[in-house]
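Inspection log for the structure reproduced underneath, given as structure tokens.
Everything numeric in this text was worked out from a predicted model, so none of it was measured. Heads up: numbering here begins at 1 and tracks the sequence.
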Amino acid sequence: MKIRVLTLFEELFSLYLSQTIMKRADDNDIIYDIVNIRNYSNNKHNQVDDTPFGGGAGMVLKPEPYWAYFRELRLNKVKKPYTVFVSPQGKTLDQNKLIELSKIEDLCIISGRYEGLDQRVIDKFVDEEISIGDYVLSSGDLASLVLIDGIVRMKDGIIKKESYETDSFYNGLLGFPQYTRPQVIDNMTVPEILLSGNHKLIDEYRFEKSVFKTLKNRPDLIQEKIEDKNFKKKYDLIINQILKK
């Protein structure tokens with residue numbers, strides 16, 4: 001997989017992508033290509049922004065550098081990568097979207113800055129706009145890193161499959177509580193069932209706690225899961241056990 005990022009601040013990516021899990025990409029056929037889009041400007045001052053037509057505050061990223069980048073790919077006989085623009089106006093990112101993007105062989109992420117990106121770049125080159133939440137950041141760089149992290153950690157060889165399969169949202173529920181040593185701290189103990197060695201009971205306990213956490217913090221997710229008959233059967237069993245208590 002190749003992940004391209006078009007940004008004004010490539011150094012922000014260099015540090016994060018050279019650390020821990022993200023660094024394992026080098027050994028697992030994942031290539032990062034962090035591009036300073038300023039290098040594709042067509043003026044001597046490498047200016048990439050200008051005032052918006054129609055007036056208004058702030059500056060807008062100019063279209064010419066992006067045209068030049070994608071033109072260069074075409075001249076080099078490189079097929080246009082699937083291109084995502086991270087933007088508050090996009091569809092909200094979720095785990096299913098990360099799974100979908102992780103299967104793309106050549107992905108390009110446009111990281112915006114200032115007041116926005118000339119709409120013609122979006123209309124011409126962008127396949128999808130994605131938002132990481134209903135809020136606004138100073139640039140798209142952090143959002144781009146969120147996208148990259150979520151994608152890369154699911155690729156073979158980065159982390160164990162069983163690790164991300166128990167993540168919140170992967171199976172439609174929030175994650176279950178986790179514990180480690182010491183067994184007791186400040187009179188707070190690890191649940192006995194986790195020390196039992198009975199993996200069937202442990203799995204049942206974790207599923208139950210996952211359901212509880214989801215009901216408390218994200219009941220909307222439970223409503224979606226109940227449409228799954230297999231889940232509803234286990235869910236009803238848990239609720240009945242609670243009522244008996």
hydrophobic_cluster_shared for Tyr179 and Phe176, side chain cutoff 4.5 Å: no
Thr7 and Val35, any side-chain heavy atoms less than 4.5 Å apart: no
Lys225 charged N/C atom sitting above Phe231 aromatic ring, 6.0 Å / 45°: yes
Gln119 and Asp123: side chain donor to acceptor below 3.5 Å: yes
Asp33 vs Val5, side chain to side chain contact (heavy atoms under 4.5 Å, CB included): CA-CA, chis, key distance, verdict: CA-CA 6 Å; Asp33 185 14; Val5 181; over 6 Å; no
Where Gly150 and Met154 come nearest, the two heavy atoms and their spacing: O-CE, 3.4 Å
Note, Val84 side chain near Glu129 side chain (heavy atom, < 4.5 Å): no
Listed partners of Leu12 passing side-chain contact (heavy atoms from CB on, under 4.5 Å), at least two apart: Phe9, Asp141
Residues Leu173, Leu221; criterion side chain to side chain contact (heavy atoms under 4.5 Å, CB included); working and verdict: CA-CA 7 Å; Leu173 299 172; Leu221 296 177; 5.5 Å; no
Short side-chain donor-acceptor distance under 3.5 Å, Asp118 and Tyr66: no
Pairwise distance OG(Ser131) to NZ(Lys91) - rounded to 0.5 angstrom: 12.5 Å
Cluster check Val121, Val60: I/L/V/M/F/W/Y, side chain < 4.5 angstrom: no
Stepwise side chain to side chain contact (heavy atoms under 4.5 Å, CB included) check, Leu17 with Val152: CA-CA 10 Å; Leu17 297 178; Val152 169; over 6 Å; no
Side chains of Arg4 and Tyr69, donor plus acceptor under 3.5 Å: yes
Under 3.5 Å: donor-acceptor pair, side chain of Ser196, backbone of Glu192: no
pair Lys79-Asp106: side-chain heavy atoms closer than 4.5 Å: no
ring-ring contact (aromatic ring centres under 6.0 Å, His included) involving Tyr205 - partner list, sequence neighbours excluded: none
Separation between CD1 of Ile202 and CG of Leu194, rounded to the nearest 0.5 Å: 6.0 Å
Lys2 and Leu107: CA distance, side-chain angles, deciding distance, side chain to side chain contact (heavy atoms under 4.5 Å, CB included) verdict: CA-CA 6 Å; Lys2 187 165 190 172; Leu107 177 68; over 6 Å; no
Under 3.5 Å: donor-acceptor pair, side chain of Thr214, backbone of Ser210: yes
Partner set under salt bridge (charged side-chain N to carboxylate O under 4.0 Å, His left out) for Asp236, not counting sequence neighbours: Lys232
Ile185 atom CD1: more than 12 heavy-atom contacts under 6.0 Å: no
side-chain contact (heavy atoms from CB on, under 4.5 Å) partners for Glu115, two or more places apart: none
Cluster check Phe13, Ile31: I/L/V/M/F/W/Y, side chain < 4.5 angstrom: no
Side chain proximity check, Ile130 to Phe85, heavy atoms < 4.5 angstrom: no
Side-chain heavy atoms of Ile3 within contact of Met1, under 4.5 Å: yes
Minimum heavy-atom distance between Val48 and Ser41, given as atom pair plus value: CG1-CB, 4.1 Å
Least distance between heavy atoms, Tyr40 atom then Glu72 atom: OH-OE2, 2.7 Å
Check: Lys209 and Lys213 side chains under 4.5 Å, non-hydrogen atoms: no
Heavy atoms from other residues, nucleotides or ligands near CD of Glu11 exceed 12 (cutoff 6.0 Å): yes
Within-4.5 Å side-chain heavy-atom neighbours: Glu64 and Asn42: yes
Minimum-distance pair of heavy atoms, taken over all atoms of Gly58 and Pro52: O-CD, 3.3 Å
Separation of Arg120 CZ from Lys62 NZ (nearest 0.5 Å): 9.0 Å
Minimum side-chain heavy-atom gap Ile132-Tyr135 below 4.5 Å: yes
Shared hydrophobic cluster, Leu145 / Leu137 (ILVMFWY, side-chain heavy atoms < 4.5 Å): yes
Interatomic distance, Asn46 atom CG to Asn36 atom CG [nearest 0.5 angstrom]: 8.5 Å
Main-chain N/O of Val184 paired with Thr189 side-chain donor or acceptor, under 3.5 Å: no
Step-by-step ring-ring contact (aromatic ring centres under 6.0 Å, His included) determination, Trp67 to Phe125: CA-CA 9 Å; Trp67 246 262; Phe125 302 111; 4.9 Å; yes
Enumerate donor-acceptor pairs with a distance under 3.5 Å from any side-chain N or O in residues 98-105 to protein atoms, sequence neighbours excluded.
residue, atom, partner, partner atom, Å
Glu100, OE1, Lys97, NZ, 3.3
Glu100, OE2, Lys97, NZ, 3.0
Ser102, OG, Ile99, O, 2.7

Linked, directly or transitively: Leu6 and Val146 (ILVMFWY side chains, under 4.5 Å): yes
Asp134 atom CG: more than 12 heavy-atom contacts under 6.0 Å: no
Check: Tyr82/Glu128 side-chain N/O donor and acceptor closer than 3.5 Å: yes
Interatomic distance, His45 atom NE2 to Arg38 atom CZ [nearest 0.5 angstrom]: 12.5 Å
Side-chain donor/acceptor of Ser111 to backbone N/O of Gly140, under 3.5 Å: yes
Pairing residues for Thr83 by the side-chain contact (heavy atoms from CB on, under 4.5 Å) criterion, not counting sequence neighbours: Phe70, Lys80, Pro81, Cys108, Ile110, Val126, Asp127
Nearest-0.5 Å distance, OG of residue Ser144 to CG of residue Asp149: 12.5 Å
